[in-house]
Amino acid sequence: MAKHRYADALALALGEEMDKDDSVFIIGEEVGQYLGTLQVTKGFLAKYGPNRVVDTPISEVGIIGLGIGSAMAGLRPVCEMMRLDFSLPAYDQIVQHAAKIRYMFGGQFKVPMVIRGPSGVGRQLSAQHSQALEVLFAHIPGLKVVVPATPADAYGLTKAAIRDDNPVVIIEALRMYFEKPEALEAIQPGLSEIPEGDDWIANIGEAKVLREGKDVTLIGYSTMTISCLRAANLLAQEGISAEVIDLRSLLPLDMATPLASIKKTHRAVVVQEQWGMYGIAAEISAQIAERGFYDLDAPVQRVTGAFVPMPYSKALESLAYPHEEDIVVAAKRTLGGK
Amino acid sequence: MAKHRYADALALALGEEMDKDDSVFIIGEEVGQYLGTLQVTKGFLAKYGPNRVVDTPISEVGIIGLGIGSAMAGLRPVCEMMRLDFSLPAYDQIVQHAAKIRYMFGGQFKVPMVIRGPSGVGRQLSAQHSQALEVLFAHIPGLKVVVPATPADAYGLTKAAIRDDNPVVIIEALRMYFEKPEALEAIQPGLSEIPEGDDWIANIGEAKVLREGKDVTLIGYSTMTISCLRAANLLAQEGISAEVIDLRSLLPLDMATPLASIKKTHRAVVVQEQWGMYGIAAEISAQIAERGFYDLDAPVQRVTGAFVPMPYSKALESLAYPHEEDIVVAAKRTLGGK
Amino acid sequence: MARAATAAPPASHATAKNGSGKEADLDIKKLDAKKYLRFYEQMVHIREFEELCDHAFRQGTHGIGGYLHLYSGEEAIAVGIIGAMDVENGDAFIGHYRDHAYALAAGSEPGEVMAEICGKATGCSKGKGGSMHICDAKLGFYGGYGIVGGNVPIALGLAWAIKYRGENRVCACFFGDGSMNQGGFHETLNMAQLYKVPALFVLENNGYAMGTSIERSHANPNLASRVESYAMEYHVINGQNIFEVHEQVAAIVESMRTNPRPVFLEMKTYRYHGHGAADTQVTQSTYRSREEVEDWKTHRDPIRLAEQALMEAEILTEEERERIHTEAVEAAKAALKFSDDSPDPSPDELLTDVYV
Amino acid sequence: MARAATAAPPASHATAKNGSGKEADLDIKKLDAKKYLRFYEQMVHIREFEELCDHAFRQGTHGIGGYLHLYSGEEAIAVGIIGAMDVENGDAFIGHYRDHAYALAAGSEPGEVMAEICGKATGCSKGKGGSMHICDAKLGFYGGYGIVGGNVPIALGLAWAIKYRGENRVCACFFGDGSMNQGGFHETLNMAQLYKVPALFVLENNGYAMGTSIERSHANPNLASRVESYAMEYHVINGQNIFEVHEQVAAIVESMRTNPRPVFLEMKTYRYHGHGAADTQVTQSTYRSREEVEDWKTHRDPIRLAEQALMEAEILTEEERERIHTEAVEAAKAALKFSDDSPDPSPDELLTDVYV
Ligand SMILES: Cc1ncc(C[n+]2csc(CCOP(=O)(O)OP(=O)(O)O)c2C)c(N)n1
Ligand SMILES: Cc1ncc(C[n+]2csc(CCOP(=O)(O)OP(=O)(O)O)c2C)c(N)n1
Ligand SMILES: [Mg+2]
Ligand SMILES: [Mg+2]
């Protein structure tokens, strides 16, 4: 199977869907003539023309609004946010409109649009450009939210999102964009492979056991899935067998997979890149404790980022989000360690 | 002690703080000449003049931005959102600016502003005007979020919010605005009373035991606190003694009070007006299970609204948010009931 | 010779400058009599429908809750503009929350509109939307929206889809003067002009956004300048005169089909009721006088003006007039009865329609 | 007689219309020589500071990460305008992310600015903000912001506070041409004019927002019309000529003190570097030619133009010129050395400054 970088997997998925379906188009800042801020859409303008690769002013409300309206009219817009943080000026369009139109009009319309862009922390971009905003979307009924961790899912979930008839937010892991396949393969073989053949796409709403284990279940998504795998490698060196689950989709959320795992391991660590308070991991932890109450041998451990706006200085920034060592500590805590 | 309606308590608090401190002013749509959409600021324009009671265009970004800048310059703006739902067009100003300015400038500035307005469900206002958006604020470090349930707290938390040197969002319970004091007193004596004397204000970040009990702890905030009290009355009729905790503030969050209660009751029900997925109750439930793991005799029960945009029809709407009967059922479930 | 009746605006409504200055001097007799009779009839039906809504709201027994925003006084806009579109063949339109008339003007079933307002299962949005969220997909009505300015960027997308497919369709977007102070409005206008999409922006300038007059909320009450700053074509039209509205807009819409571009219409109009049901006589008195309202009702009512012109032109007889009014009252009542006879949505409906 | 040197704009930058047409025909000799020498010196210092930042970023060993947006080419704007303000006595200003120069022009310690860019504990924002979030409260600099257009509504509030207190102060707000396409920009302009706050809106029109030219993003490249649609006073100024910038703005600022109102300045300018450090020669080639950049550097460089005029007017000698340049290089190096010698923020700092 071919090995890809995350960013290339995104490009591949977008291109394939544009080839397949004329109603798919991409719109955003610098997606065309500039070849994409991070070059995901390099070559697209030349290939598909300005009707399908649409450069815009710095007008996120307009971009999302255009996406919503054109989706209602039967197109399949992919709205690129240069960074997902920049979706916030358009948050009203997303939450009050994209998410609600189907319901509030009794099902008369559908809004098959994609909102996507790089997200997350760790690139010294400081407070306004280093956020993991998943909750702001995953709390909203009517949206779907996917969080690809690997090149395979960057590909498979993007394709699935484009074909989905609902508004889907793809929260892309900026830190993964340009990771070399070899580096990923070193963490776990297969991570950079895209399943081939017969038009594979991922199923939105399915979590996945990425590594089997029996002592403790590590649950992550996006970059934190990779950190969980690294942590599992470290734990293995100490004779602890960790199962790693990649959530892949936050809305809908597949809890059956983690709950089944915990039936086996009786211990869980939930990892999230940024703010713990009212964060994604809270829901996972709560559901495990509520629904797996009698399976748990120890309190669920949450490993989350510092509850502060992201600092710029590398020295502070690296303290502000979880590393594999933090996950190892938490895992050991579930096993009675300190 | 004087008994007040919730809306009157808000007006009283705002007026007293404006009397006390010249740097306090109120700005928003229809707050002045129209006398307030819900008449909270009735008479204010005449009393304080147009410099301190500022009517605006329908420009939420401008309103919040004006609030932020003037707060940085030393004033104490109170930005009224006609409904808190309308803060969403200005969400970027709130999350990316108000919340982050202090941190990202290393503490050089403070932003002592208040964003307030009626919120919540239950008035047949349908999808775009019936939301309990607490998570969208409480997930953001740098903000404070208070959720007064009673006239006393509508008064005390509003005053505290205005005096706080940080940006504070007051999520007001629209359904409580015009509840008659007698109706509240019938649920529990004292609910409509504002503590008198010596310039009382509430402490932001303190939960409160509103009713003592020993069998199960009911945890609510805003309208759901009232529903918990009603549920406790129903449970009492069946010989079940419920303790009721009003969270009052979601950020900072006082977990010591609920955890102490659960040490005693060993059972908890957490109630939230709207969306459960990644909702406020998830954090509370998770913390109880994580930190009170060995105290709990039964899984925490969450009682939340339906995970759908709010429907308009009364018949559907009333199914979409929790009622005291639902809380009773959940409480019994913690006690081994079905 | 019968002329389109126009009257001087009451001085008290500073913005009602009575159209663009190039007052239409229309010879009614030369116009399509049947069409205008239908428009007249539609306006009367809408008026009666709205007045019955108001009544039913106050009765409190029909299921109407929440907000209720009525269109009385502005009928010529919805009727004249939607009447210029081919909604059965791909023209699209979208509105704000004052939206019953858009559906009725396009030909939606009044019963389904009323049932929606009353939250019934038979409502056009299955009772899930209510008064603010009427729609009719089969007639190209992409719905009414409750967030001021929120529908405007969506209209950009509807019009974009037309352009994308190379169709000779148009999309109309109705909104109020208050919308112009929302940032998204500006992003939309700029992009619409940049991409030359066939969007017809219809400003219903009724002088007030809730209790705030244009003068108190727009630094420059000359609204044309805001639109012209995007180099967009702009027309001011007397929104009270169905003949002027329709003739001008029909010509514009046709020209948009062959020369796709955005066009902005400022319709001068007035609302008779309070902003919504909560805006009572008492609250209205904080921002406008009864005299002002009466002045508009007396001198610039779209139905009266149409009636007068059609009768002068001998297109409408007194008998017809009475029949139409009677039927309109009956139709509104029938719509309410349809709603009253309809069931509430079934509890299962709570969880449907969140996702496809 | 020495005249303020101005040159015709290179034809390739369509928007560089070389000021308002009423080209200043300033007699340099009649101006305050000391002041302009200081401005010249400041511009040179800023240039060297920025160039060293660029160098240090590429070295990769000084702690600079993330984005880095440099001001080279635009120096006359920050220097001339902030130089017209009384920042020690209550005048305020606020900027976007291309913000080092604002602080330096106001007199912030270059070492503290550089340390911030490098994420050190001694940085003006304690290393928490970085290049995009420089500030200096004691000099009225309310900071640089990373969200396009995000600082503009905040400026409204800063200016509002001045009006609220009845002070005769002003607040300047710096932003780029890209900001004008953000909705909040419009809400702000309307409200600023409605409330007549003393806000000086400073558009740094450098022709591009990242890789997008004005022509490709503004439906109407005549930006004046957008501002005039709010009835706001508007001036176009050649941002490359420190004499024109300062003389005109100083007069405007003084008039704002006695006649408080918002004023909008369009400063025609150009950036020499890529948008940010990630905008390389390769990516720049997608939107502008090397010739265009060279043209500006050669014919409209603010430092060269000032130098020429000051030397012609015999205010600046060749010797002085050399001294200033040498000192500027040294000052920049000293700033970097200060930063290099500074510690990282202590781990405790992670959790401070979230709340008061
Ligand atoms: C973003 C937002 N802010 C405020 C409101 C509350 N609101 C609803 S309608 C309205 C007035 C709108 O007036 P206008 O646009 O002129 O339309 P009209 O009602 O006159 O037809 C206001 C303030 C809202 N729905 N959305
Ligand atoms: C809301 C938002 N959208 C997009 C961006 C990404 N971005 C940062 S700067 C920039 C270009 C801004 O150009 P301009 O305003 O002209 O200022 P200049 O860089 O030319 O000084 C863009 C698109 C952002 N920071 N914020
Ligand atoms: Mg209006
Ligand atoms: Mg620019």
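Numbers restart at 1 for each chain; the letters A, B, ... are given by sequence-line order, proteins then strands. Any value given below was found using the heavy atoms of this structure, including those in side chains, with hydrogens, waters and symmetry copies removed.
Options A:Val61, A:Leu133, A:Leu253 differ in how many heavy-atom pairs under 4.5 Å they form with chain B, and the most are formed by A:Leu253. Among A:Ser126, A:Gly292, A:Ala289, A:Ser285, the residue making the largest number of heavy-atom pairs under 4.5 Å with chain B is A:Ser285. In terms of non-hydrogen atom pairs under 4.5 Å with chain A, the most contact-rich of B:Leu136, B:Ile284, B:Val300 is B:Leu136. Of the listed residues (A:Gln274, A:Glu60, A:Met277), the one with the most heavy-atom contacts under 4.5 Å to chain B is A:Met277. Contact count against chain B (heavy-atom pairs under 4.5 Å) is highest for A:Ile280 among A:Ile94, A:Val95, A:Val270, A:Ile280. Annotation: maximal heavy-atom pairing with chain A below 4.5 Å, among B:Pro299, B:Ala282, B:Ala298, occurs at B:Pro299. Here A:Gly279 is the residue among A:Gly279, A:Ala281, A:Ala306 with the most heavy-atom pairs under 4.5 Å with chain B.
With a 4.5 Å cut-off on non-hydrogen atoms, A:Leu296 touches chain B through its backbone and its side chain both. Contact annotation for A:Ala99: only backbone heavy atoms (N, CA, C, O) come within less than 4.5 Å of a heavy atom of chain B. For A:Leu250, the parts lying under 4.5 angstrom from a heavy atom of chain B are both the backbone and the side chain. Residue contact with chain B, scored on non-hydrogen atoms closer than 4.5 Å, involves the backbone and the side chain of A:Ile140 alike. With a threshold of 4.5 angstrom between heavy atoms, A:Gln131 approaches chain B through side-chain atoms but not through N, CA, C or O.
For residues 100-112 of chain B, the interface with chain A (any heavy-atom pair closer than 4.5 Å) comprises B:Lys100, B:Tyr103, B:Met104, sorted by residue number.
Between the side chain of A:Gln128 and the backbone N or O of B:Gln96 there is at least one donor-acceptor pair closer than 3.5 Å. Judged by distance alone, with hydrogens and angles left aside, the side-chain atoms of A:Tyr278 form no donor-acceptor pair with the main-chain N or O of B:Leu251 at under 3.5 Å.
Taking every heavy atom of both residues into account, A:Asp297 and B:Tyr294 meet most closely at O-OH, 4.4 Å. In terms of heavy-atom proximity, A:Ala286 sits nearest to B:Arg302 at CB-NH2, 3.7 Å.
Ring planes of B:Trp275 and A:His139: perpendicular class, angle over 60° (limits at 30 and 60°).
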